[in-house]
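Here's the structure, in structure tokens; my notes come after.
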Amino acid sequence: MNINVPQEPNAATRQLVDPFQRAITYLRVSVTDRCDFRCVYCMSENMTFLPKKDLLTLEELDRMCTGFVDLGVRKLRITGGEPLVRRNIMWLFQSLGRHLESGQLEELTVTTNGSQLARFAKELAACGVKRVNVSLDTLDEDKFKAITRWGNFSKVMDGIDAALAAGLKLKLNAVALKGVNEDEFDTLIRFCHERDMDLTLIETMPLGEIDGDRTDQYLPLSQVRADLSQRWTLEDIPYKTGGPARYVRIAETGGRLGFITPMTHNFCESCNRVRLTCTGTLYMCLGQEDAADLRAPLRASESNEPLYQAIEEAISRKPKGHDFIIDRTTNQPSVGRHMSVTGG
Ligand code: SAM
Ligand code: SF4
């Protein structure tokens, strides 16, 4: 055997590294822009959704995700809109589960509003999903109705119970909303930590037109942290989930509390992720408009080579970071598309 023959670079030896030497190992995939809720900070009540014909089929989403896994992505998060309302979505989880079995993929996760979890928790666990993020901003049923507009609180509670019973590790994500849930963080901490769930607080981001004024809702987490530390002992810990949250341990409960602070603290320097929409558009940064169309190269050929090249070209354009601002002088979203399009 001649060991000096130069090898063609193939997918297995490629790696996605951006111009700032950040390895891209995490893909978030929005499988639908539709949702059964209408959260006030996320959508307007009368949303216009994409025509169904523009969506990638589940088979195409599978091929797309597999292309990224071939290029070194180790963590996939399925999100939306509400991912669990997409018809036959369990097929995609089952299919992607093969990459967990082969060891190519380290983690397959999902972010959900919890409305369909009672139905799907066991199946998700059977597909190899171990951790689920549930978005829940309040434990007060009336406030829940006011925030989600269309949500059913008891269905979400049943979903959380079912997911815990199925052995899934849960993390609750709550958007910090001034004058809405700022008096509830203590209750949320207790609720989560009693159930061995992490809690992460998120600042509202200026994404997409909504019906209200975001300056009214924005609550800096630096302020929340200062307030919490008057009643709880917050110990900084190096815990990382591959996401942008910074964690503390609360000495009194032993549980973890994360802070995602895109507005008050820029976390871009360690960004390892990109986001794919349900139409096959790749956004290299949540806070920037630049994007790459991956649907055309996917459909152009049965070979994955055009797709690999389009992904690599897109990563070579990944920007250094975002520049969100919420203030009364701009009063415009920094980015026109909604979180439900790019996938939170
Ligand atoms: N429907 C699912 C859910 O709610 O978990 C997944 C998609 S949702 C867009 C993902 C996350 O984005 C949710 O935790 C939601 O609270 C958050 N989100 C939506 N709009 C946001 C905004 N403008 N600023 C900050 N977080 C936002
Ligand atoms: Fe739907 Fe999630 Fe947006 Fe709420 S945050 S409207 S649940 S996509």
Side-chain angles (χ1 to χ4, degrees), residues 28-47 49-50 77-86 89 109-117 120 124 131-138 143-153 155-156 159-160 163 170-178 180-181 188 198-221 243-245 258-264 267 273 275-278 283 286-287 322 324-326 332-344:
R28 298 172 81 111
V29 186
S30 173
V31 294
T32 175
D33 63 330
R34 287 161 201 258
C35 187
D36 52 345
F37 292 6
R38 289 289 178 281
C39 302
V40 287
Y41 48 76
C42 181
M43 294 191 184
S44 66
E45 194 148 20
N46 306 307
M47 284 287 284
F49 292 109
L50 295 163
R77 177 173 295 281
I78 306 300
T79 176
E82 176 45 43
L84 300 183
V85 300
R86 173 134 187 197
I89 191 64
T109 56
V110 58
T111 299
T112 173
N113 64 24
S115 70
Q116 312 297 315
L117 262 186
F120 290 131
L124 285 170
R131 295 194 304 142
V132 173
N133 286 0
V134 178
S135 305
L136 181 65
D137 306 321
T138 177
K143 280 190 202 171
F144 178 85
K145 198 88 217 159
I147 295 170
T148 64
R149 296 190 183 110
W150 296 5
N152 178 328
F153 184 71
K155 263 178 108 176
V156 174
I160 290 175
L170 292 197
K171 176 161 84 84
L172 231 64
N173 285 338
V175 176
L177 298 163
K178 187 156 76 185
V180 179
N181 62 1
L188 280 165
D198 289 347
L199 171 66
T200 297
L201 303 176
I202 308 173
E203 286 173 345
T204 54
M205 288 174 256
L207 302 174
E209 293 288 349
I210 53 168
D211 300 327
D213 177 355
R214 274 184 224 274
T215 46
D216 290 345
Q217 301 172 343
Y218 174 56
L219 177 61
L221 287 183
F259 296 93
I260 300 188
T261 55
M263 309 302 296
T264 50
F267 49 51
R273 70 199 47 205
R275 294 174 154 89
L276 184 73
T277 72
C278 52
Y283 284 98
L286 181 63
H322 68 241
F324 289 141
I325 353 165
I326 294 185
Q332 289 281 325
S334 286
V335 171
R337 59 184 193 277
H338 290 89
M339 190 78 142
S340 51
V341 172
T342 329

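Start at 1 and go down the list; that is how both ligands and their atoms are numbered.
- Within the 4.0 Å heavy-atom cutoff, G81 counts among the residues contacting ligand 1.
- Atom 4 (Fe) of ligand 2 has no N, O or S atom of C35 inside 2.8 Å of it.
- Annotation: T111 places no N or O atom under 3.5 Å from an N or O atom of ligand 1; distance criterion only.
- Between the R86 side chain and the T32 main chain, no donor and acceptor come within less than 3.5 Å of each other.
- Under the 4.0 angstrom criterion for non-hydrogen atoms, M43 is not in contact with ligand 1.
- If you look at T79 next to ligand 1, the close heavy atoms, those under 4.0 Å, all belong to the side chain.
- Considering both main-chain and side-chain atoms, D137 never comes within under 3.5 Å of ligand 1 through any nitrogen or oxygen pair.
- To the nearest 0.5 Å, the span separating CG on D33 from CE on M47 amounts to 7.0 Å.
- Residue D137 holds its CG atom at 10.0 Å from CG of L201, rounded to the nearest 0.5 Å.
- Summarising the contacts of atom 3 (Fe) of ligand 2 with S30, C39, C42, the nearest heavy atom is found in C42.
- The closest approach between a heavy atom of G81 and any atom of ligand 2 is below 4.0 Å.
- Separation of atoms CG (N113) and CG (N173) is listed at 12.0 Å; rounding is to 0.5 Å.
- Rounding to the nearest 0.5 angstrom, the gap separating the CG atom in L188 from the OG1 atom in T200 is 11.5 Å.
- Nearest-residue assignment for atom 8 (S) of ligand 1 (options G80, S30, P83, C39; heavy-atom criterion): G80.
- Not one N or O of N173 is nearer than 3.5 Å to an N or O of ligand 1, by distance alone.
- Atom OG1 of T111 and atom CD of E82 lie 9.5 Å apart (nearest 0.5 Å).
- Looking at T112 against ligand 1, only its backbone comes within 4.0 Å, counting heavy atoms.
- Residue T109 holds its OG1 atom at 7.5 Å from CD1 of I78, rounded to the nearest 0.5 Å.
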